[in-house]
Amino acid sequence: MDITNIIQNGVISAVQSLYGGEVGPEKVNVSITRPDFEGNYTVVVFPFTGIARKKPEVIGAEIGAYLVKEITEVESFNVIKGFLNLVVSEDFWRNFLQEIYQKENFGKHPSSGEKVMVEFSSPNTNKPLHLGHIRNILLGWSTAKIMEAAGHEVIKVQVVNDRGIAICKSMLAWQLFGENATPESTGSKSDHFVGDFYVRFEQAFQEEYREWQKNDEAQKIFKANKKEEQGPDAFFKAFKDTYFNEFSKLGAEARAMLIRWENGEEATLALWRKMNNWVYEGFAQTYEQLGVSFDKNYYESNTYLLGKDMTEIGLEKGVFYRKEDGSIWANLEDVKLDHKTILRSDGTSLYITQDLGTAHLRYKDFGFNRMVYVVADEQNYHFKVLFEVLKKLGEPYAHGLHHLAYGMVDLPTGKMKSREGTVVDADDLMAEVIAEAQENSKERDTTSDLAPEKQQEIIRKIGLAALKFFIIKVNPKKRMTFDPKESVDLKGQTGPYVQNAYVRIKSVLRKGMTPDPELARQYGPLEDLEKELLGQLYEFPGLILTAAEDFDPSVIANFCYALAKNYHRFYHDYSILSADTEAAKHFRIMLSTAIANALKNGMELLGIEMPERM
RNA sequence: GGCUCCGUAGCUUAAUUGGAUAGAGCACCUGACUACGGAUCAGGAGGUUAAAGGUUCGAGUCCUUUCGGAGUCACCA
């Protein structure tokens, strides 16, 4: 049993036998003792004052004495104000270390029998991936890893948004301005190649729009429709979508292309396939560099018509209703949401229709118990609606759905805006952090005896660790500021800092020997810092469950950092291989081994690889 | 405007879910190896947790109000 549970139960029976009262486990708060006080675990005694009718200090002393007497793991105690600090016996720590030091899968849990699907990334195919996708992908990937470590079977999927007006813009621009260029002929990365044509379309469109604004028709519309005090710039900015849909020649051509696509015209489909394949080739490189993969890709071109049959079922069940114009709606007022359109009056599907159908399809494909959507929090409302509708439809998985809503990524200069060219490209970003790691490595010259490819692999691991850790250490729910300058930092609270702790241990272990557990058992008394390190290790398996329940990888990042920090201190303050006694030496080798293991496993959950040297 | 979320040191952030003197990192200043890797360690300075009230043994955390910011409120995705 877990030590905190042992203490908790001990306190419950202490209260009962000392004061004759019942307390529930929720009233017994067992936490880790803050480092500036003596002890390992702390019980807050304030909640018992009502039952005991004594001063907190007295209650603490009485319960403390009871625990020391009744529980072998509790060695001694002290009471400060209403806080009962318990010292756990050294044998408990020694036994714990024996148990885990060579457990390679330390922290991971046995199978839960649950199947969880995680959807993340889900890019559009008209543009390369950017910083926003990176946060999404890192969260999705690590959430999947954490779910696995918590014992669940995990299926990683993405929905590729490969159809629609956006890709048609890229296609049209390529037709108009491409002159049969290819990624090979221009030497550009193929998803960037396609993205450049999307930009090219926007430029041409803006140019056309500016010209149009000068003509009489445009001026007439401006004068007739402008709001008071509204200048031409503000008006035409707001009018842009209307212009695209009703006046623009380029807009009309792009929409015509979308219609040809929907009608299955072969020439259009061929162009569409060609450009999407370029994009996939580029995405594959980016995903590989990031170190992520998927078990299955869903393509919007296959799923965009799904969900219509579900509207029929919804109508039969009375979950949906049909308006006079033929559109289909869901009334969600009973769950404090609005009325929501499920199908257009012309019978075509909407985003929500597709998502209903896709959820259903995926359940048929995999039969999961739970499903996590990693999508930015700007879509909170959409997912609330989606989940409520699926519940009303009685889908069997509907109560296992979760929207991992993460905050958007800002730059120090403000929001990323593609129009203003402030979007940080994913490939560029990775190249930058790796280049920075390269620079630092040159100065250090610690791996120059290795083959160049090995050195390069280490540098890649370091650079990506910096980037990934920087993003993932922040609580997903929070909007975060991404400072490119800080993201390449290799010192302080960073990925490389954690890697360095691991590398130091590996270096020691290479010089050391296989430890003898019997000899290590004779070591004592343990240093406070050693107990603290063991206490941290002890928390690791539970933290994985917490991270899984809360869908929060930052918990693991913070754990890795805190453990690495304490280990760096330990490494600095105490000798390992030249410790005073053989027992201490063997004990510390075992402790270091266990810590290296935990760091490696923890960082793996974040998608961060550990180098053996750096 | 309605609803939702957020506001912690100059900057980036944490706080065991209501617990002790609000922890870290960056930047700034001062120190530490002929020591197992200095991508390290120790120290200094930096805070009225946006503001005001309330709840209680105890509030960054819960409630109310105000201020500031973001998101959303489509037969878009």
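Fair warning: this is a prediction, and the values are worked out from it, not measured in the lab. Here is how names work: the chains are called A, B, and so on, in the same order as the sequence lines, proteins then strands, and each is numbered from 1.
Base contact: A/Asp550 has a heavy atom under 4.0 Å from a base atom. Within the nucleic acid shown, A/Glu439 has no heavy atom closer than 4.0 Å to any nucleic acid atom. Contact annotation for A/Pro611: no contact, since no heavy-atom pair falls under 4.0 Å across all strands. Among the atoms of the strands shown, none is found under 4.0 Å from any heavy atom of A/Val30. Within 4.0 Å of A/Thr481, counting heavy atoms only, lie sugar-phosphate atoms of the nucleic acid but no base atom. Counting non-hydrogen atoms under 4.0 angstrom, A/Ile462 reaches a base of the nucleic acid.
In the interface, the side chain of A/Asn85 is paired with the base of B/A20 through a donor and an acceptor atom under 3.5 Å apart.
Looking at the side chain of A/Arg344, the nearest of the listed nucleotides B/C76, B/C41, B/A20 is B/C76.
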Check nucleotides 24-28 of chain B for protein N or O atoms closer than 3.5 Å to its own N or O atoms and list the pairs.
unit_1: B/A24; atom_1: O2'; unit_2: A/Tyr561; atom_2: OH; d: 3.0
unit_1: B/G25; atom_1: OP1; unit_2: A/Lys565; atom_2: NZ; d: 3.2
unit_1: B/G25; atom_1: O2'; unit_2: A/Gln493; atom_2: N; d: 3.2

Using the 3.5 Å cut-off, write out each protein N or O paired with an N or O of nucleotides 70-73 of chain B and the distance between them.
unit_1: B/A70; atom_1: O2'; unit_2: A/Arg479; atom_2: NH1; d: 2.8
unit_1: B/G71; atom_1: OP1; unit_2: A/Lys415; atom_2: NZ; d: 2.8

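By the 4.5 Å heavy-atom criterion applied to side chains, A/Ile471 and A/Leu131 are counted as neighbours. Using a 4.5 Å heavy-atom threshold, the side chains of A/Lys54 and A/Thr49 count as separate.
A stacked arrangement is not assigned to A/Phe83 and the six-membered base ring of B/G19, the conditions of a centre distance below 5.5 Å and an interplanar angle below 30° not being jointly met. Lacking a ring centre under 5.5 Å from that of the base six-membered ring together with a plane angle below 30°, A/Tyr497 does not count as stacked on B/A39. With centroids closer than 5.5 Å and planes inclined by less than 30 degrees as the test, A/Tyr571 and the base of B/U40 fail to qualify as a stacked pair.
For A/Lys27, the NZ atom sits in a loose shell: 12 or fewer heavy atoms of surrounding residues, nucleotides or ligands are nearer than 6.0 Å.
The separation of B/A27 from B/C11, taken at their C1' atoms, amounts to 8 Å, rounded to a whole angstrom. B/A20 and B/U66 have their C1' atoms separated by 32 Å, given to the nearest Å. For the P atoms, the distance from B/G23 to B/A59 is 16 Å, rounded to whole Å. Of the C1' atoms belonging to B/G2 and B/U48, the separation is 34 Å, rounded to the nearest Å. The separation of B/G69 from B/C28, taken at their P atoms, amounts to 32 Å, rounded to a whole angstrom. Comparing the same atom, C1', in B/G7 and in B/U61 gives a spacing of 14 Å after rounding to whole Å.
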task: Determine, stepwise, if the pair A/Leu450 / A/Arg613 fulfils side chain to side chain contact (heavy atoms under 4.5 Å, CB included).
output: CA-CA 10 Å; A/Leu450 297 173; A/Arg613 293 175 53 182; 3.6 Å; yes
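With its glycosidic angle within 90° of 0, B/U17 is assigned syn.
Listed pair A/Lys511 / B/G37 meets the phosphate criterion, a side-chain N or O lying under 4.0 Å from OP1 or OP2.
Side chain to side chain, A/Asp377 and A/His403 fail the donor-acceptor criterion of an N or O pair below 3.5 Å.
Looking at residues 572-596 of chain A, you'll see A/His572, A/Tyr574, A/Ser575, A/Ile576, A/Leu577 sit with a heavy atom under 4.0 Å from some atom of RNA chain B.
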